[in-house]
Structure formats: structure tokens, C-alpha cells
Amino acid sequence: MADKVIYLREKPVSLSPADERNFKIKYAELLNPAQLAAVTHRDGPLLVVAGAGSGKTRTLIYRVARLIESGVPPGAILLLTFTRRAAQEMLRRAEQLVGDRAGAVAGGTFHSFANNVLRRMGAPIGLKPNFTILDRSDMEDVVNLLRTRMGLASRERRFPKKGTIAEAISMARNKRRALEEEIEIDFPHLGEHQTEILELAKNYESYKRERGLLDYDDLLYRLAELLEQHENVRRRLSDSYRYIMIDEYQDTNLIQADLVRLLAMNHRNVMAVGDDAQSIYSFRGANFRNIMDFPAIFPGAKIVKLEENYRSIQGILDVANDVISRAGEKYTKALFTQREGGFRPFLVRAQDEHMQSRFVAQRILELREEGVELGQIAVLFRSSFHSFDLELELQRRDIPFIKRGGFKFIETAHIKDVLAHLRVIANPADAVSWLRVLTLVKGIGHRTAERTIDALIAADDPAAAVAKLADQARGGADGGLKRLAALLAELRDVQKRPPEQIAMTLEYYLPVMREAYADDYPKRERDLEHFQNLTERYKSLEQMLADMALEPPNDSLDGMLATDSDDERLTLSTIHSAKGLEWKVVFLIWAADGRFPGPQSVGDDEMEEERRLMYVASTRARDELYLSYPIHMFDRSFGFVMGRVSRFLEDVPAELLQTATLQESE
DNA sequence: TACAAGTAAGTTTTT
DNA sequence: CTTACTTGTA
């Protein structure tokens, strides 16, 4: 941004019909009236309540194009979306409309935006640009460390485990509650440990602050802190991003809504797009009431509703509308479509899980015969383990697939091990990674590692400090420490690029790994190879590490052949990860009570969210929708029990669904 | 003090 | 299947 930009802001620009001729794109011909109203809106707050498949993305893209065509510099537009993938996809489509200029639009998730701003401008609140981002399992590592350090582990009453504590701490922050209150409301069974947990949470805060560590929640909170306390920073950001657009607004939480308010304080040019009926992230503190509250935060906001669905045929929409119509909460709109079609969604009863898998695999093969590409088909499920049996069946039949959501291979121990070595190079104060790196050395356990870490952090040259440790080491740890010192020196010495640094780390780590995971190291080696390929393109270590924490590649390798392109692969996905996507044919497996909704959805609010999930799942389908469930399902404590169809489908009128029972052929 | 092996208990969704 | 904690051995 070299040129100085002067903004004229006396009056919102209102275009008379004649002015339309100044635009290359014929907006009025390409958009319906509601979409057009949203796209041509220029200054001031705008809320777009957009139903599933109503052209929400299209509206955002055309608004970006319209702004650019009106002379707004692309760099002054900030597009906050749910995943960076979504942002990139939007910008790609915008580029098709207005050309390369769209590439300069800023975009990403709240977290990645916060990361960038804090690295660039975080100094006033005491942040160094090389801070480390802790993902959830890093956070748990720290909690665990403090738990042992505080002597909370061995007591008569079992102290809650690290995951639960981390969950409570994070949830409190996402819902913007005091931890006491959060424990009382969502974790009443932890009440007896409250004093210790509060103490631990306090230690966790100072531990992070002292070592330049930020967890996911810190990214948002510290950005808010920066904007609130330093008006000059806020002004600078507000001046550079003069038009802010937020996708999936129903899934933002209070702190994110607050960030929007702060960023837009100086110009109020905010466009929020969302669907209250599709809010599925309240477990992360998201609150769909943010949508309703938008006009209160931004008085005078214009509201546009998009209700026409362009995605699904009427038969699919009828089922989806019926599911959501039984919700306790009344939603703002009902979808309609002009896509007629004779297909009614199938409700398929299978004898057991394996039969369900065979049905899905068989139908997919038939569809392929009919000319439907695998890339046009998806299988959705509530929890990622629901697809295990199906994955085996797909492999058996050589159907290539890609799995999204659930398991992240970046979180497996071996990948985290490799990353830890690079993280201590990027931020030598990163105690979490030091702990990992040191305990990997043979002869060093938690005790020794912990005693040593503070000295390492204080040292100017960590590699030399490790070498010194090797000299003093007892118990056969010296050899391992020497090799580690050599690696660290090598990694630090030259300004190498991530791919080389990873290659060097692997040379050191692979022998260590073969010993540590003697039983399954071949699989882990393949993972590491895949990981190496993924990181090939990175030029900066910091960028790579930030990406790995914020946008981890979460595709599983299983069932994926190197030769398969995206079009030739079936998608398996959790419903959460399918958000915003669509396919020609969608299968929803395990539509059974006890799986979907799961056993832990007991409260009314939780059940409402499960219902919205069912709505999201069914509205992903364009032409065909198959809902299936097994009537015999395995339960840990009861063995095989009778399965029942999901309560959300139970009351759907019979004429809206075709029911089918699977039969073994002779 | 480090670590392997064994027992027992709890299991969703994501940045 | 993972995590927490105990016990036995070097």
C-alpha cells in the first residue's frame, strides 16, 4: 500500500439507474432483487439473513466485485470467513468477475487475521512478533505440566484431567464468563475442585505471558485488548480496512462480535451474512443471537433476507423445512425453490452398521455407472468415528475418498514432535516444545526436562546450552543430547527454508521415532513424508508454524491415492466440516437416536443445536439425499441394542420420504 | 530418577 | 483408543 488513498465519505454514494452503465457487470440481470439490494448497498451496516443455498456466497462475491468496480481499493476490503479455504474460494470466484484486482482483498478467519495483526502491531501490548500459537493439545500439555507442578495429581479425590480443565478454561473465555460461573453452569461436577482449578487457570495465564505463548482464545482476546487500549492502532486498522464483510455470522461468539464492532467503529461499513437456523457452533461459544443483536450494535442497519433456494430440489427442501419447523425456536424464514423434481429423499433401514456401509458403497458405484462423478457425492455423519466401518468398506472396493473433519494428522505425536524442534528455533521461549524435544532424548524424562528448561530459555544460544547439558549428563543421555545440540545448531546457523529444515530434523528424528514407536513406525514414516510434501511451498518458518496451528491440513491419507484428483474422490465429512458446501448426492449415515443426536445431548439447548445440524446436513444435497440408520447397533455397556431412527426424522410426514429396508440378495 | 508394563476409566463437533 | 496413575526394575 504505497499510494495514499483519500476517501470521500460525506454521503453514501447512491447510484441512479443511469450510473449502472458505468459498471461492466450487469448486476440487475444476474441477481434476484434481494441479492441485488445487498450487493448494491454501499456504506453503513448491513445484515443479510440468508437461508441455506440462497446464493449467499454469490452475494458476497458480487458485492466485492461491485465495491471494486466502484473504485474501492481491493486492499481496503476485509473478508472474514470461517475457514481460509472459504476465503480463498470466494476470492478466486471474485477474480473471475473483476480480474486480478480481487487478489488484493484481505481475508481469512478471525484467528488468522488476529495472528497477522498481532505479529505486525502487537508491540504496544507487549507481544513479540515471534510468539508461538498453542493449539488445543499444546494447551493441554501446559495444563498437565501445571497440574503436576502444583501437586494436584496425587490426592484422594481424583483431580479432573487436562482435557476437561482446558475445555472449561476455554469455554469460559469463549462465552465471556468468569471461570467460576462457567464451572457452575457447564461443569457442576468439578465444583469441589474449583479453588484449585481457578489457581491453575491463573498460573496458565502467567505461564503463557512469560513465554510468548498464545492459545486460540488469546488471539482474539489480545486483539480486542490491542484495539481497545490503543486507539491509534484501531484507527490505523479501521482506516486500512474500510469495508468489512463477515460470513457465517451465526457462528461468531461474543468476543468476535466485539472485534467486528471495534474494527468498524470509525466507518461502520460492516456487512454480516448468516443464517440463524444454521448455527452449529455453540459448543465453541457461538451465539446465533449475535444475528438478532446486530441491529442493536449497529443502529440503523439495513436488513436483507434471501429466501429463495437455488441448490436443492423441492423434495429435499420439504424434508429440511419440516425438520427445522419442529424447532422450539422460531426462525426467520422458510425456504422455497423453483427446482421441481420427482425425487423424494430416501430413509433407509439397515440391519447393522456393516450393511449400512455396503449399501452406501453399492449405491455410490451405481451412481458412478449413471455418470455421477465421485467428487459430486458426499457421505456425512455426526461424529468422525461413525465412518470407520464405511472407510474399510470403501477401501475394500477401491473407492477413493477424502475425509474431512475429525482426526487431524497434524495432531499425531510424530508430527508434533517434528514441529516442536522447529518451534524452539522460532521461539526459544516456547517451553511446551522444549519439553517435547527434551523428553524425546533417551535418558531424559519429565523431571530432568523440567529442571533444565528455564536455563535453556534464558540462554542466548540454545544449541550451545544443550551441548553443555550433554557434558554434564548422567545415565546415558549425553549421546542423544549431543546429536540434538548439533541439529539445533544446524537449524539456527543458516537461514534455511522450512523444507530443508524439516529434512534436517527428520534425519535426526527418524531413528528416535523408530525406537519410540517400534510397533507402528512405518505408518508414521509415511505420514511424515506426506507432511514434508505439504510444507514444500513455505518460505518462512513463522508462516508455516502459524498455518499449521490455524489452518491445519486435516485430510486423512487413508483411501487416498496420489493419482486421484479432487473430482475423482468421494468426500467423507463431519456435518460441521461440510458447512457451506454442497454436493449433487448426499448420504447421511447413522441417522439414529443415540448417535445423532448423541447420548450427551441432553439439555434443551443442545438438542436444538442437534436439530439445526440435521437441517444443515440435509440442505447440503442438490438432487439426491439418502438418510440411513442401522436397527442393530453396538453399545459399550449393553452390547447390541435396537436402533431407532433419529428423533428429528421420526415425525417427518410419511409422504415426504421414501422408506426402504435392505435385503440380502441370494 | 527414568521408564516399561499393567490396570482402570472416559470417549462430539473446531479455530 | 486415549489418558491417568500405579508398580516394578535399572
Side-chain angles (χ1 to χ4, degrees), chain A residues 80-86 108-115 133-141 143-144 147-148 152-155 158-165 167 170-171 173-174 189 214-220 248 251-253 255-256 279-286 380-386 388 404-408 410-413 438-439 441-451 473-477 515-516 518 520 546-552 554 573-579 590 594-601 606 609-610 612-613 616-617 635-637:
Chain A
L80 293 169
T81 55
F82 212 64
T83 62
R84 191 183 44 193
R85 245 171 98 146
T109 62
F110 277 93
H111 289 86
S112 66
F113 175 71
N115 171 53
I133 301 170
L134 302 180
D135 67 19
R136 184 48 172 273
S137 64
D138 295 327
M139 177 184 182
E140 290 181 7
D141 285 349
V143 168
N144 204 29
R147 206 173 88 112
T148 350
L152 297 169
S154 41
R155 300 200 163 187
R158 268 173 90 100
F159 196 68
K161 39 185 201 185
K162 58 179 183 180
T164 317
I165 298 171
E167 172 83 9
S170 178
M171 191 65 99
R173 302 191 75 195
N174 277 291
H189 52 293
L214 270 73
D215 64 24
Y216 288 141
D217 307 325
D218 289 326
L219 288 171
L220 305 182
E248 311 282 11
D251 288 323
T252 56
N253 60 26
I255 173 86
Q256 288 167 326
S279 157
I280 55 175
Y281 277 99
S282 69
F283 68 90
R284 210 171 69 188
L380 306 183
F381 31 84
R382 169 70 246 261
S383 312
S384 78
F385 73 90
H386 292 167
F388 287 169
R404 309 189 60 218
F407 168 84
K408 290 189 197 68
I410 206 80
E411 284 184 6
T412 53
L438 289 173
T439 44
V441 176
K442 216 150 179 52
I444 296 189
H446 288 94
R447 235 12 210 265
T448 321
E450 257 199 74
R451 253 191 290 112
R474 296 168 302 143
E515 264 200 56
D520 63 347
D547 272 15
M548 289 300 144
L550 296 174
E551 299 280 343
N554 60 351
S573 175
T574 58
I575 300 171
H576 285 91
S577 295
K579 162 171 272 292
W590 278 114
R595 296 291 152 113
F596 186 10
Q600 61 288 325
S601 320
E606 286 162 14
E609 176 138 321
E610 296 292 303
R612 293 192 293 268
L613 262 173
V616 170
D635 181 283
R636 229 190 215 349
S637 35

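Note that the coordinates shown come from a computational prediction; the quantities given were computed from them, not determined experimentally. Atom set for the values below is all heavy atoms of this structure, side chains included, hydrogens, waters and symmetry mates excluded. Naming convention: chains lettered A, B, ... in sequence-line order (proteins, then strands); numbering from 1 in each chain.
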key: Most 5' of Lys161(A) and Ile444(A) on DNA chain B, judged by nearest nucleotide   = Ile444(A)
query = Hey, what's the ring geometry for Tyr281(A) with His576(A), parallel, tilted or perpendicular (30° and 60° as the breaks)?
reply = perpendicular
ask   = Does OP1 or OP2 of dC5(C) have a side-chain N or O of Arg147(A) closer than 4.0 Å?
value = yes
message = Regarding dT1(B), can its base be found pairing with the side chain of Arg447(A) as donor and acceptor, where the two atoms are less than 3.5 Å apart?
response = no
inquiry  = Salt bridge or not between Arg136(A) and Glu411(A)? Use side-chain N to carboxylate O under 4.0 Å.
reply    = no
ask   = Can you tell me if the side-chain N/O atoms of Ser384(A) get under 4.0 Å from OP1 or OP2 in dT13(B)?
value = yes
task = Please name all residues satisfying salt bridge (Lys or Arg N to Asp or Glu O under 4.0 Å) with Asp218(A), sequence neighbours left out, ordered by chain then number.
result = Arg173(A), Lys208(A)
query = If only side-chain N and O atoms of Ser601(A) are considered, is one of them under 4.0 Å from the OP1 or OP2 phosphate oxygen of dT12(B)?
reply = no
message = Just to be sure I understand the rule, does Arg284(A) reach a base, reach only the sugar-phosphate, or reach nothing, if contact means heavy atoms closer than 4.0 Å?
response = base
note = DNA chain B nearest-nucleotide lookup for Ala449(A) and Glu609(A): closer to the 5′ end is Ala449(A)
message = By the 4.0 Å heavy-atom rule, please label Phe110(A) as base, sugar-phosphate, or nothing.
response = nothing
inquiry  = Given a 3.5 Å cut-off on both pairing distances, which stems involving DNA chain B, each at least three consecutive Watson-Crick or G-U pairs, are present, if any?
reply    = B:1-10 with C:1-10
